[in-house]
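Take a look at the structure set out below.
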Amino acid sequence: MPILVAPSLLAADFTRLAEEVAAVEQAGADWLHLDVMDGHFVPNISFGPVVVRALRPLTKMPFDVHLMIAPADPYLAAFADAGADHLLVHPEAGPHLHRTLQAIAALGCKAGVVLNPATPVAHVAPVLDLVDIVLVMSVNPGFGGQKFLDSQLARIADVRALIDASGRDIRLEVDGGIDAATAPRCIEAGADTFVAGTAVFHAADYRQAIEGVRGGAA
Ligand code: DX5
Ligand code: ZN
């Protein structure tokens with residue numbers, strides 16, 4: 001599988017969002033990662049569907065919408081309608097993960113399950129038939145710019161084994177502290193898709209930063 005890179009808008013210059021989106025698309029980004037936070041599920045607040053909708057006409061990149069909100073179910077349709085392509089939910093955000101994933105599919109979006117650093121990998125096993133993306137958090141969600149947690153490498157390998165056993169076409173994405181140094185270690189463990197906020201948007205050269213994460217010429 002080709003390695004995909006999804007810059008996280010959270011680290012962009014919010015006074016120039018349109019330019020930042022165009023710049024990462026030009027620089028070869030595959031997806032745009034959008035971190036939605038509610039100040040309740042995670043200790044930070046970011047943005048909602050209105051920002052997703054405003055950005056949608058500006059780019060062809062698939063929108064990888066990471067919902068750090070609880071409950072998530074009442075807002076799935078709003079994000080799908082605003083232009084989300086992927087809706088990623090945490091199992092802890094509601095009591096009925098299976099139903100949530102069915103609802104995402106019914107809205108025509110790809111469905112992702114996000115594993116916090118302490119969430120057992122086994123939580124995703126029973127619903128793998130409804131999942132297009134498994135996202136392993138390599139930091140605690142809520143903030144950009146945190147240090148990569150080495151403890152997540154073994155869990156990436158565990159998710160890889162589950163995906164391979166399923167025989168399904170599922171992306172294994174990693175989010176948090178990803179850069180040209182940490183991404184290759186995740187690739188070795190079985191990851192194929194990367195979220196990178198600080199490493200891309202705080203770099204002088206976005207293309208070089210994206211290719212660095214991808215493992216190409218840095
Ligand atoms: C953290 C978010 C991440 C964050 C990553 O809650 O889910 O997507 O933006 O930022 P970096 O790449 O700076 O760790
Ligand atoms: Zn994220």
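Treat the numbers as computed from the prediction; the structure is a model and nothing was measured. Counting convention: from 1, in listed order, for ligands and their atoms alike.
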**Prompt:** Is it true that M137 lies under 4.0 Å from ligand 1, counting heavy atoms only?
**Reply:** yes
**Prompt:** Does A196 approach ligand 1 within less than 4.0 angstrom via side chain, backbone, both or neither, non-hydrogen atoms only?
**Reply:** backbone
**Item:** L10: numbered ligand 1 atoms lying under 4.0 Å from its heavy atoms
**Value:** 9 (O)
**Request:** Decide if atom CD of E188 counts as having more than 12 heavy atoms of other residues, nucleotides or ligands within a radius under 6.0 Å.
**Result:** no
**Message:** Would A11 count as a contact residue for ligand 1, given that I'm defining contact as a non-hydrogen atom of the residue lying under 4.0 Å from a ligand atom?
**Reply:** no
**Message:** Tell me whether D150 is salt-bridged to R185, with the criterion being a basic N under 4.0 Å from an acidic carboxylate O.
**Reply:** yes
**Request:** Could you check atom 10 (O) of ligand 1 against the protein and tell me its nearest heavy-atom contact, residue, atom and distance included?
**Result:** G144 CA, 3.5 Å
**Prompt:** At what distance is the nearest protein heavy atom to atom 9 (O) of ligand 1, and which residue and atom is it?
**Reply:** S8 OG, 2.8 Å
**Item:** Contact (N/O only, under 3.5 Å) between T198 and ligand 1
**Value:** yes
**Request:** For the pair R207 (side chain) and Q26 (backbone), establish whether a donor and an acceptor sit closer than 3.5 Å, ignoring hydrogens and angles.
**Result:** yes
**Request:** Please report which non-hydrogen protein atom sits nearest to atom 2 (C) of ligand 1, along with the residue it belongs to and the distance in Å to one decimal place.
**Result:** D35 OD1, 3.4 Å
**Message:** Grouping I, L, V, M, F, W and Y whenever their side-chain heavy atoms are under 4.5 Å apart, do L55 and V36 come out in a common cluster?
**Reply:** yes
**Message:** Nearest non-hydrogen contact with atom 6 (O) of ligand 1 belongs to which option: S46, G176, G142?
**Reply:** G142
**Prompt:** Do side-chain atoms of T193 reach the backbone of R171 as a donor and acceptor pair under 3.5 angstrom?
**Reply:** no
**Prompt:** Cut-off 3.5 Å, side chains only: do H66 and H90 have a donor facing an acceptor?
**Reply:** yes
**Request:** List every atom of ligand 1 that sits less than 4.0 Å from any heavy atom of V195, numbering the atoms from 1 in the order shown and giving each element.
**Result:** 8 (O)
**Verdict with reasoning, L135 to D64, per side-chain contact (heavy atoms from CB on, under 4.5 Å)** = CA-CA 11 Å; L135 175 57; D64 193 46; 5.7 Å; no
**Prompt:** So Q152 and L115, side-chain contact (heavy atoms from CB on, under 4.5 Å) or not? Walk me through it.
**Reply:** CA-CA 10 Å; Q152 300 308 300; L115 301 174; over 6 Å; no
**Request:** Check step by step if side-chain contact (heavy atoms from CB on, under 4.5 Å) holds for R99 and L97.
**Result:** CA-CA 5 Å; R99 179 183 289 151; L97 179 60; over 6 Å; no
**Prompt:** Donor-acceptor pair, D30 side chain versus A6 backbone, under 3.5 Å?
**Reply:** no
**Item:** Residue, atom name and distance, where the atom is the protein heavy atom closest to atom 5 (C) of ligand 1
**Value:** D175 OD1, 3.5 Å
**Request:** Can you establish whether the number of heavy atoms outside F143 located under 6.0 Å from its atom CZ is more than 12?
**Result:** yes
**Asked** For ligand 1, which atoms, with element, lie under 4.0 Å from some heavy atom of P141?
**Response** 6 (O)
**Prompt:** Taking the N/O/S atoms of D175 one by one, which is nearest to the Zn ion (ligand 2)?
**Reply:** OD2
**Request:** Would you check whether V139 reaches within less than 4.0 Å of ligand 1, judged by its heavy atoms?
**Result:** no
**Prompt:** Between Y206 and E20, does any side-chain donor sit less than 3.5 Å from a side-chain acceptor?
**Reply:** yes
**Message:** Within a 6.0 Å radius of atom CD on E92, are there more than 12 heavy atoms belonging to other residues, nucleotides or ligands?
**Reply:** yes
**Request:** Go through ligand 1 atom by atom and flag the ones less than 4.0 Å from a non-hydrogen atom of M37.
**Result:** 6 (O)
**Prompt:** Looking at H66, which atoms of ligand 1 are within less than 4.0 Å of one of its heavy atoms?
**Reply:** 7 (O)
**Request:** Find, among atoms of H33 that are N, O or S, the one nearest to the Zn ion (ligand 2), and state its name.
**Result:** NE2
**Message:** Around atom CZ of R56, are there more than 12 heavy atoms from other residues, nucleotides or ligands closer than 6.0 Å?
**Reply:** yes
**Asked** Has ligand 1 got any nitrogen or oxygen that is less than 3.5 angstrom from a nitrogen or oxygen of G145?
**Response** yes
**Message:** Regarding ligand 1, does G177 bring an N or O atom to under 3.5 Å of one of the ligand's N or O atoms?
**Reply:** yes
**Prompt:** Is it the case that more than 12 heavy atoms not belonging to D169 sit under 6.0 Å from its CG atom?
**Reply:** no
**G197, any N or O under 3.5 Å of ligand 1 N or O** = yes
**For the Zn ion (ligand 2): the N/O/S atom of D35 at shortest distance** = OD1
**Request:** Would you mind listing which atoms of ligand 1 come within a distance below 4.0 Å of any non-hydrogen atom of H33?
**Result:** 8 (O)
**Request:** For A199 and ligand 1, answer yes if some heavy atom of the residue is under 4.0 Å from a ligand atom, otherwise no.
**Result:** no
**Nearest non-hydrogen protein atom, atom 1 (C) of ligand 1** = F143 O, 3.6 Å
**Prompt:** Of all N, O or S atoms in H66, which has the smallest distance to the Zn ion (ligand 2)?
**Reply:** ND1
